[in-house]
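Data block below; observations after.
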There are 2 protein chains.
Amino acid sequence: MRMSSLADYAVVLMSAAARHCGGMRCNARVLATETGLPLPTAQKLVSKLSAAGLIESVRGAGGGFRLSRPPAAITLADIVEAVDGPIEITVCAGEHASDCAMEGSCHVRPHWQIVNRTIRSALAGVTLASLGQHIPDPKRPEHALDLKKVGERTST
Amino acid sequence: MRMSSLADYAVVLMSAAARHCGGMRCNARVLATETGLPLPTAQKLVSKLSAAGLIESVRGAGGGFRLSRPPAAITLADIVEAVDGPIEITVCAGEHASDCAMEGSCHVRPHWQIVNRTIRSALAGVTLASLGQHIPDPKRPEHALDLKKVGERTST
DNA sequence: GTTAATCGGAGTGAATCGTTCCGATTACGA
DNA sequence: TCGTAATCGGAACGATTCACTCCGATTAAC
């Protein structure tokens, strides 16, 4: 029950892209430095995100990319699906018919579809814009104030 | 964004156990035949489910196992966690501190925790008892109204 | 005490994932 | 107009995890 690391990195990368180079153009090298990701990994992510239409890339010297939509219109579901493909926790959870032998008589499959839809909604409910807003760690209420200040400082 | 196949099999297995041998004792061989799973796989699942305390196994001739709790008290979250371990879509999504380099300044992590909690709730909302109830395929539009009601019911 | 059937853990093979490298494309400068 | 440099894009490699299978330990029944 874990999403791929690439998808996780992609979210961090897109978050940095939205923060660091909001409207202006930036490249994979800058974001790799910004996020601490290896440059080849950042390049691979940029490729996938570009193929999915989340960013628009410009090749050549002085090239780079920029978000194809405002941060408020890009959700975690978009990013995860761009990197990992459709969100399906099981092969039966997808909308299309599976090749399972017990196709018609399966009691579990409809429930998987509901769960799958709930998960996708949870991911679709978080936008890149909302990633900028700081959320206090519910596990440590006493540190919420300090974390807020740290969050503001590191975001610059 | 996919759960392990073992966890999927485990849900089918537990569903069959709840249906086929509700209160009485049954063994891995019967459930393997019932569900179509290979016997070694069913045995492995039984081991894990037993270790997690979801079923109580009795060894020796004439042995077998039975559910340690009523079907209404066993959720998909219990089964998935028994097989796959804690539900964490990212290494940062867990409650404990991660070894991530950008620990304190990460803007994404709190959101992952919220998403993670939502996913776990979705899995915890479906019990083995509710798996017995039939749910129409949401692919058929004429059943859409039924789906909504079912979704509300399973969320409790 | 013996037998037989079951659970439990260790070992092997395969598939996927993550990483890295190299080529294709394009804009800038001479 | 040509050469150079910097970037994206796809392909190949290695590592890790997963799924599967086999064999031994345990225990009740005869």
Side-chain angles (χ1 to χ4, degrees), chain A residues 1-13 17 21 24-33 35-68 80 82-86 88-91 100, chain B residues 1-13 17 21 24-33 35-68 80 82-86 88-91 100:
Chain A
M1 198 60 207
R2 182 165 294 178
M3 169 178 82
S4 75
S5 300
L6 267 301
D8 188 5
Y9 299 160
V11 172
V12 176
L13 194 87
C21 41
M24 59 187 301
R25 191 176 291 172
C26 61
N27 56 27
R29 186 182 300 267
V30 171
L31 288 187
T33 305
T35 58
L37 295 175
L39 178 58
T41 299
Q43 287 179 341
K44 190 178 189 63
L45 291 176
V46 167
S47 299
K48 289 206 173 192
L49 294 170
S50 175
L54 294 183
I55 61 178
E56 295 176 351
S57 62
V58 178
R59 300 170 68 162
F65 63 86
R66 60 180 181 83
L67 301 183
S68 58
V80 171
V83 176
D84 280 354
E88 296 177 352
I89 58 172
T90 67
V91 289
C100 181
Chain B
M1 200 57 210
R2 181 164 296 180
M3 171 178 81
S4 76
S5 299
L6 267 301
D8 188 5
Y9 298 161
V11 172
V12 176
L13 194 87
C21 41
M24 60 187 300
R25 191 176 290 169
C26 62
N27 55 29
R29 186 182 300 266
V30 170
L31 288 187
T33 306
T35 58
L37 295 174
L39 178 58
T41 301
Q43 287 180 340
K44 191 179 190 60
L45 291 176
V46 166
S47 298
K48 289 206 173 190
L49 294 170
S50 175
L54 295 183
I55 62 178
E56 294 176 352
S57 62
V58 178
R59 300 171 69 160
F65 63 86
R66 62 180 179 82
L67 301 184
S68 59
V80 171
V83 176
D84 281 354
E88 296 177 352
I89 58 172
T90 66
V91 291
C100 181

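Each chain gets a letter, A, B and so on, in the order the sequences are listed, and its residues count up from 1.
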Quiz item: Please give, in whole Å, the distance from C/dC17 C1' to A/Lys44 NZ?
Solution: 10 Å

Quiz item: With a non-hydrogen cut-off below 4.0 angstrom, is A/Ser5 in contact with a base, only sugar-phosphate, or nothing?
Solution: sugar-phosphate

Self-check item: Which residue lies more 5' along DNA chain C, comparing A/Val58 with A/Pro40 via nearest heavy atoms
Solution: A/Pro40

Practice problem: Check every atom of D/dT21, D/dG9, C/dT19 against the side chain of B/Pro38 and return the nucleotide holding the closest atom. | Solution: D/dT21

Quiz item: Quick check: does any side chain N or O of A/Ser47 sit under 3.5 Å from a backbone N or O of A/Gln43, one acting as donor and the other as acceptor?
Solution: yes

Quiz item: Base, sugar-phosphate, or nothing for A/Thr41, non-hydrogen atoms under 4.0 angstrom?
Solution: base

Quiz prompt | Value in whole Å for how far the C1' atom of D/dG9 lies from CD1 of A/Ile55 | solution = 12 Å

Quiz item: Side-chain N or O of B/Arg29 less than 4.0 angstrom from OP1 or OP2 on C/dA5?
Solution: no

Self-check item: B/Leu31/B/Leu45 under side chain to side chain contact (heavy atoms under 4.5 Å, CB included): CA gap, chis, key distance, verdict
Solution: CA-CA 11 Å; B/Leu31 288 187; B/Leu45 291 176; over 6 Å; no

Quiz item: Between D/dC22, D/dT21, D/dC8, which nucleotide gets closest to the side-chain atoms of A/Phe65?
Solution: D/dC8

Quiz prompt | 5′-ward residue of the pair A/Gly64/B/Ala61 relative to DNA chain D | solution = A/Gly64

Quiz item: To the nearest Å, how far apart are A/Leu37 CG and C/dG18 P?
Solution: 13 Å

Quiz item: Out of C/dT6, D/dT21, C/dT25, which nucleotide sits closest to the side chain of A/Arg59?
Solution: C/dT25

Quiz item: Donor-acceptor pair, A/Ser68 side chain versus A/Gly53 backbone, under 3.5 Å?
Solution: yes

Practice problem: With heavy atoms under 4.0 Å as the rule, sort B/Ala28 into base, sugar-phosphate or nothing. | Solution: sugar-phosphate

Quiz item: Do side-chain atoms of A/Ser57 reach the backbone of A/Phe65 as a donor and acceptor pair under 3.5 angstrom?
Solution: no

Practice problem: Check every strand shown and say whether B/Ser57 touches a base, only sugar-phosphate, or nothing at a heavy-atom separation below 4.0 Å. | Solution: sugar-phosphate

